[in-house]
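Take a look at the structure below.
Remember, predicted model here, so these are calculated numbers, not experimental data.
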Amino acid sequence: MGEWRKSACVLCAQGCGLEMLVENNQIVKVRGDKDNPRSLGYCCRKGLSMAHHVHNDDRLTYPLKKIGDHHERISWEQALNEISQKMLAIKEKHGGKAIAYMGGGALGGQMQVGVGLRLLSLLGSRYYYSSLAQEFSNSYWVDGRVTGKQSLVTMSDVHNADTVVAWGWNGWMSHQEPRTRELILKLKKDPNKKLIVIDPRRSETAERSDIHLPIRPGTDSMLLKAIIRIILDQGWEDQAFIAAHVNGWEEVKPLFEGFDARRAVIEVCGLDYDTVVEVARLLAQTKSCIHQDLGIYMNRNSSINNYMLHILRAITGRFCVEGGQILPAVLFLMGSDSDERNPKTWRTVKTNMFPILGTFPPAVFPEEVLNDHPDRLRALIVSGCNPLRSYPDTQAYEKAFAELELSVCLEIVYNETARLSDYVLPCLSYPESYDTVCFNYSYPDFYFQMKQPVMEPLSSESREGSRIILDLIKAMGFLPVFPQSLYDTGKEGISAYLGALGTYVQENPSYAKKIPLIMAETLGTALGSVNQAMIIGLLVSSSKAFKAGAVAMGYPADFSMIEAIYKDILAHPQGMILARFQGDNFSMLKTEDKKLALKIDELMKPMQEASIENEIEKLKMPDEFPLILHSGLHHETVANTSLRNPEWNKGKRCMTMLMHDADAARLNLADGDKAIITTKASSAEVEVEISSYAAPNCVYIRHGQGLIYNGVKYGVNVNDLVLTTDRDEMCTPLHRRIPCRVEKA
Ligand SMILES: Nc1nc2c(c(=O)[nH]1)N[C@H]1C(S)=C(S)[C@@H](COP(=O)(O)OP(=O)(O)OC[C@H]3O[C@@H](n4cnc5c(=O)[nH]c(N)nc54)[C@H](O)[C@@H]3O)O[C@H]1N2
Ligand SMILES: Nc1nc2c(c(=O)[nH]1)N[C@H]1C(S)=C(S)[C@@H](COP(=O)(O)OP(=O)(O)OC[C@H]3O[C@@H](n4cnc5c(=O)[nH]c(N)nc54)[C@H](O)[C@@H]3O)O[C@H]1N2
Ligand code: SF4
Ligand SMILES: [Mo]
């Protein structure tokens, strides 16, 4: 007989609570966990397929080293020794700048990044590349200017809104909000609520909306300008809100002067003007909320579009208010604030790119390796992401990996990146370990879940990812030897340990900066989990706002708070509300006067240049590539690259290219035909699926295909069809607008 155990899903940012039936150390059944305070039992088909993530033929079971063109089993001792010696030799010869860390994309294993970034810093480097910097860079950069700090990412409070606008977001398939399908159905059913979808195609979300604006692809800037113009013309802006909470509007307002909203809407966006006026009214006069997503993020004009979305929210009073755009309560910041105006901010050697929220964009990585500069990148640690499928231009990545002097991959599976790495280190998957993630956004209640192991490790050689990195730090000689007493008090309780740690650091003040690592090593060893020690460390170093919020939930205000909270976390494997943040959401702003800073100097010119005439010119497709490839549809039959066994989609058609029937007819293609798609990067053969979910002149290939499972490749890897140079000024890949042509095979 098996036992149901509580955990969560890591296949998208929602982290729905799951219950897993474990029999003979195998997950045999999964269901949504009704006790999870955030997901309330919600679960999608990916979550239900979780067992494939954990149990599959590609799971790594011991460390590997590349010898010639294949990998061989080695011991942990050999792996740690060789990697640390080689890494130190590269640092010695070329300096820390030669080393990069890439990680944190997958939701399992995100905590590795906490230790990984410390290792990077000890090696003297700041080159942290992450998946975040291929979707959110433009929006985080804009957030940083408007709210005062990039690390204050903003979120849409869709569950408390009356009008929800899905702008370039196909929530029915991708979720991206807690319990998304329930939300969409609720909006549809309630006559007082509206769902508006702005998407060139009639997506699964658009199908269920009250208003669908089938916008011409890539014309969102014109629609945004038009909506703002309409609001001003109608006098619908929220004057009281602007006066109380906004700075710089008077300087920004002239950007919209004289804009011909009607012409833009009809001629450029191809939309009905009266419907757009109604959308503008709903945005301004109801409790509205806009969730934008990859249709905006990975598309042309992403920076000014994200900017105008904030302008729209600010002038309609939908910022920092319930049901609007809000700043989430956090236990720890998702990244460090990086300001490229500060000359001390590192840039990449070849492309001169700066980090956003502390992370560098994957699109420039191959160029940073494949060059002759003495400071070029030569070594890489990859943890919990799959650059050889997830990042643009797989061929460029293959060349870069071949050129690296050292590549180390921390993984749970033998994926496409592991295949090219010099060393592959097997990690515990999250159902085998303690883990948490950073996407638990909410306000004012702060939701937190520490996933706890529901089973024994499948291989005795797999290790907690953060422990592996800590062991590398030790093998490189970056940690002193700590007294045994520190390890021992860790077993006596958290308060006892923190007391002993305090005394130790007082006696050794030079170690104050290394407290997180000391805790990871000593408390982590005592608890048998570095991740647990790191969570305790995060509680210790949490903000005043967090601690006040915890007191509001009844936790003691003194030193014993940490132990009390931690005991509660352990007692609630289903997740819980840890803190209730006090004060209004404006208090979270990091601008000096706690107002929204609406003027962004760098965007004044691009905003002026986004005129109807210029846009009409720029929207023209090259003759050679008349169609738009949507490179990477986030469809219910993919889970980024984290579900590898094709068995989970058995009986489903999921390796096709979606196409509008008018385009198919013109190209003499029938459903099921083989077609050749060609982009500037390369060509691929793919099966055509004529679909009502495709917009005219656009074709769609799912993200996360082309995976090699058990030695066999399934489907088209869409990143073969994209060049690293298909990117914008923030080095975000333009995955939603890759020019292409399609021919019959
Ligand atoms: N062309 C194109 N490319 C895209 C996109 C697109 O739309 N088009 N979408 C992009 C987007 S939005 C994203 S977020 C990225 C996501 O891309 P990635 O960041 O690469 O994320 P995943 O594919 O989810 O996971 C990567 C790896 O993490 C591993 N992993 C899972 N759990 C653990 C763990 O506990 N420990 C360790 N060490 N590893 C673990 C998985 O096995 C998997 O191999 O893809 C992007 N790539
Ligand atoms: N099932 C499943 N769910 C997932 C994932 C997955 O792999 N599988 N991945 C997760 C991740 S990491 C992410 S980031 C999210 C992504 O979630 P989404 O952003 O919802 O994913 P997309 O499929 O890119 O949908 C974007 C929508 O934008 C539209 N669009 C394209 N061009 C334009 C345009 O010019 N203007 C406008 N307004 N819209 C346009 C497209 O038609 C599409 O419907 O999904 C997450 N959820
Ligand atoms: S919505 Fe996301 S977190 Fe929830 S079950 Fe589906 S994939 Fe997992
Ligand atoms: Mo994503």
Side-chain angles (χ1 to χ4, degrees), residues 139 142-143 146-147 154-171 176-178 180 183-199 205-206 208-213 215 220-221 223-242 244-246 249 256 261 265 269 271-293 295-296 305-328 441-443 584-586 596 598:
S139 94
V142 168
D143 279 354
V146 173
T147 66
T154 68
M155 62 170 261
S156 38
D157 189 18
V158 285
H159 279 277
N160 293 310
D162 292 337
T163 298
V164 173
V165 180
W167 203 315
W169 168 44
N170 185 18
Q176 298 283 73
E177 292 289 353
T180 305
L183 169 77
I184 290 171
L185 294 174
K186 197 176 82 191
L187 291 168
K188 180 78 187 154
K189 222 170 117 194
D190 187 338
N192 299 315
K193 293 186 187 254
K194 292 270 178 289
L195 174 64
I196 299 168
V197 174
I198 303 176
D199 194 313
T205 311
R208 293 168 172 89
S209 66
D210 297 286
I211 300 175
H212 172 210
L213 297 180
I215 187 171
D220 302 271
S221 315
L223 182 59
L224 277 158
K225 267 199 172 176
I227 290 177
I228 293 169
R229 183 67 257 158
I230 291 166
I231 288 173
L232 298 177
D233 285 343
Q234 301 285 346
W236 287 337
E237 70 267 43
D238 187 336
Q239 306 280 7
F241 184 93
I242 296 171
H245 302 296
V246 179
W249 171 232
F256 302 90
V265 166
C269 307
L271 295 170
D272 176 63
Y273 185 68
D274 292 339
T275 314
V276 172
V277 174
E278 174 59 5
V279 168
R281 188 192 67 79
L282 287 164
L283 276 166
Q285 298 194 332
T286 66
K287 206 174 168 191
S288 69
C289 186
I290 306 168
H291 176 130
Q292 76 267 27
D293 222 305
I296 289 284
N305 289 348
N306 279 291
Y307 182 37
M308 281 192 276
L309 283 164
H310 275 355
I311 295 175
L312 187 51
R313 290 166 178 133
I315 65 167
T316 53
R318 302 305 303 148
F319 224 120
C320 294
V321 294
E322 192 193 67
Q325 191 75 3
I326 57 177
L327 303 166
Y441 295 163
S442 53
Y443 194 91
D584 64 22
N585 201 237
F586 297 101
L596 299 161
L598 220 48

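In this structure, the separation between CG on D584 and CD1 on I326 is 12.0 Å, given to the nearest 0.5 Å. Distance check: L213 CG to W167 CH2 gives 8.0 Å after rounding to the nearest 0.5 Å. Distance CG/L309 to NE2/H291: 11.0 Å, rounded to 0.5 Å. Separation of atoms CG (N585) and CG (D157) is listed at 9.0 Å; rounding is to 0.5 Å. Going from atom OG1 of T316 over to atom CD of Q285 covers 10.5 Å, rounded to the nearest 0.5 Å. The distance from atom CZ of R318 to atom CG of L312, rounded to the nearest 0.5 Å, is 11.0 Å.
Salt-bridge formation is detected for the pair R229/D233: a Lys NZ or Arg NE/NH1/NH2 atom is positioned less than 4.0 Å from an Asp or Glu carboxylate oxygen.
Smallest separation of non-hydrogen atoms from G323 and A161: O-CB, 3.4 Å. The shortest heavy-atom contact between M308 and S221 is CE-O, 3.6 Å. Looking at every heavy atom in both residues, N306 comes nearest to S139 through OD1-CB, 3.3 Å. Looking at every heavy atom in both residues, A261 comes nearest to Y273 through C-CE1, 4.0 Å. Of all the heavy atoms in F241 and D238, the pair that sits closest is N-OD1, 3.0 Å.
In this structure, H245 has its ring center closer than 6.0 angstrom to the ring center of F586.
In this structure, the side chains of T205 and D199 stay at 4.5 Å or more apart for every pair of heavy atoms. Residues T154 and F319 meet the side-chain proximity criterion, which asks for heavy atoms closer than 4.5 Å. L185 places none of its side-chain heavy atoms less than 4.5 Å from the side chain of K189. Side-chain contact between E237 and I242: present, with at least one pair of heavy atoms (C-beta onward) separated by less than 4.5 Å.
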| task | Apply side-chain contact (heavy atoms from CB on, under 4.5 Å) to the pair L283 and W236, showing each step before the final yes or no. | result | CA-CA 10 Å; L283 276 166; W236 287 337; over 6 Å; no
| request: Begin with the C-alpha distance, continue with both residues' side-chain angles, and end with the deciding distance and a verdict on side-chain contact (heavy atoms from CB on, under 4.5 Å) for N192 and D162. | output: CA-CA 7 Å; N192 299 315; D162 292 337; over 6 Å; no
| said: Determine whether L282 and E278 satisfy the following criterion, side-chain contact (heavy atoms from CB on, under 4.5 Å), listing intermediate values before the conclusion. | reply: CA-CA 6 Å; L282 287 164; E278 174 59 5; 3.8 Å; yes
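Side-chain atoms of D210 come within 3.5 Å of backbone N or O of L195 as a donor-acceptor pair.
In summary, of the residues considered (L596, D143, I315, T147), a side-chain contact (heavy atoms from CB on, under 4.5 Å) with H310 occurs for D143 alone. A side-chain contact (heavy atoms from CB on, under 4.5 Å) with W169 holds for exactly one of I290, D293, I296; it is D293.
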